[in-house]
Amino acid sequence: AVPFSLDSVANAIHTLFSEETPVVLQLAPSEERVYMVGKANAVFEDLSVTLRQLRNRLFQDNSILSSLPLNSLSRNNEVDLLFLSELQVLHDIASLLSRHKHLAKDHSPDLYSLELSGLEEVGKRYGEDSQQFKDASQILVDSLQKFADEMFNLYGGNAVVEVVAVKEFNSPLSRKTRSILQASQPKKENPYNLAYPYNYDYSVIFNIVLWMMIGLALAVIVISYNLWNMDPGYDSIIYRMTNQKIRMD
């Protein structure tokens, strides 16, 4: 289902490795949402998130605008700046992590969940056949490849990078805040006819029921076999007592 989230994975990592330094960073620029839990918060607390912060970050000397070929994209257009600001966040995450390499060298797993919706807004603004959309697509591909290479190098190849392309995300330009402690919304009815999400106790319950049924079936077979081959005159106490009473009479 779209949109999807990795909140359950983030919560599991935070619960299992709360005493260590796992990096759990979930970023949704379209909603001005950044989740950072655990002891590694201080490293990413200065990460630009709001529209004002991102705009100021883009026009600093060490931003991606000084090294990125914009081609047909403009620095004065709000949609283009939204797209470029998301790429700036990718660059800043890798840059901050490179200065704190101990976070990538510990034994706790790290999770980076990043939602990028700027390309879709570029397509809505100029059209998917426009030169701006083609240039933005190429810039995004190059930036994602560079980000993946940097993460692989920082984690010594022990990393998994997955890109999920979504056709329409319905993410408006207006941004709204959301807290990590926000109560989860009630789940809507599943329109995709997906299987029931089994929990961790499913395998235990399945094995208990399976082996109990097998044990009961074997017990019934053994008892039935013994009853079928029983000699009433010698094996049954009922017939034995009856025979003795007849003899006494």
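Residues H100 and H102 form a side-chain contact, since some pair of their non-hydrogen atoms from C-beta on lies under 4.5 Å apart. Here the side chains of L140 and L116 are in contact, with some heavy-atom distance below 4.5 Å. Between S95 and R99 there is a side-chain heavy-atom pair separated by less than 4.5 Å. Side-chain contact between F83 and V79 is absent, with no heavy-atom pair separated by less than 4.5 Å. By the 4.5 Å heavy-atom criterion applied to side chains, L97 and Y112 are counted as neighbours. Looking at L25 and L114, their side chains come closer than 4.5 Å, going by heavy atoms from C-beta outward. Residues F133 and L119 form a side-chain contact, since some pair of their non-hydrogen atoms from C-beta on lies under 4.5 Å apart.
A side-chain donor-acceptor contact under 3.5 Å links S224 to the backbone of V220. Judged by distance alone, with hydrogens and angles left aside, the side-chain atoms of Q132 form no donor-acceptor pair with the main-chain N or O of V122 at under 3.5 Å. Proximity of a side-chain donor or acceptor of S85 to a complementary backbone N or O of L82 within less than 3.5 Å is detected.
In the hydrophobic cluster analysis, where Ile, Leu, Val, Met, Phe, Trp and Tyr join through side-chain heavy atoms closer than 4.5 angstrom, V141 is grouped apart from L73. Linking Ile, Leu, Val, Met, Phe, Trp and Tyr whenever their side-chain heavy atoms come within less than 4.5 Å puts L90 and V163 in one cluster. By the rule that hydrophobic residues join a cluster once side-chain heavy atoms approach within less than 4.5 Å of another member, I205 and Y202 end up as members of separate clusters. Residue V222 is not grouped with residue W228 when hydrophobic side chains (ILVMFWY) are merged at heavy-atom distances under 4.5 angstrom, including chains of intermediate members. Tracing side-chain contacts under 4.5 Å through hydrophobic residues (I, L, V, M, F, W, Y), one reaches M212 starting from V204; they form part of the same cluster.
Within 6.0 Å of atom CZ in F152, more than 12 heavy atoms from other residues, nucleotides or ligands are found, so the atom counts as buried in its surroundings. The 12-atom threshold is exceeded at CG of N207, counting heavy atoms of other residues, nucleotides or ligands nearer than 6.0 Å.
Taken to the nearest 0.5 Å, the OH atom of Y155 stands 9.5 Å off from the NZ atom of K105. Put simply, CD1 on I64 and CZ on R57 are 8.5 Å apart, with the number rounded to the nearest 0.5 Å. Rounding to the nearest 0.5 Å gives a distance of 12.0 Å between CD1 of I221 and CG of N226. Rounded to the nearest 0.5 Å, atoms CD (E121) and CG (L81) are 13.0 Å apart. From M213, atom CE reaches atom CG of L218 across 11.5 Å, with rounding to the nearest 0.5 Å. Note that NE2 of H91 is 10.5 Å distant from CG of L68, once rounded to the nearest 0.5 Å.
Considering every non-hydrogen atom in both L87 and S143, the closest pair reads CD1-OG, 3.7 Å. Considering every non-hydrogen atom in both D106 and L103, the closest pair reads OD1-O, 3.0 Å. Here the shortest heavy-atom pairing between P22 and P109 reads CB-O, 3.4 Å. Shown here for A104 and L154, the closest heavy-atom pair between the two residues is CB-O, 3.6 Å. For A10 against V24, the heavy-atom pair with the smallest separation is CB-CG1, 3.4 Å.
At a threshold of 4.0 Å, the pair R75-D80 does not count as salt-bridged, since none of the basic side-chain nitrogens sits closer than that to a carboxylate oxygen.
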Intermediate values then yes/no, side chain to side chain contact (heavy atoms under 4.5 Å, CB included), L70 and D135: CA-CA 8 Å; L70 300 182; D135 292 340; over 6 Å; no
List the steps and the verdict of side chain to side chain contact (heavy atoms under 4.5 Å, CB included) for S63 and Q88. CA-CA 7 Å; S63 71; Q88 182 66 56; 3.4 Å; yes
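At a cut-off of 3.5 Å, with distance as the only test, no side-chain donor of Q60 or N56 sits close to an acceptor on the other residue. Using modelled atom types and a 3.5 Å distance limit, the side chains of N77 and Y126 yield a donor-acceptor pair.
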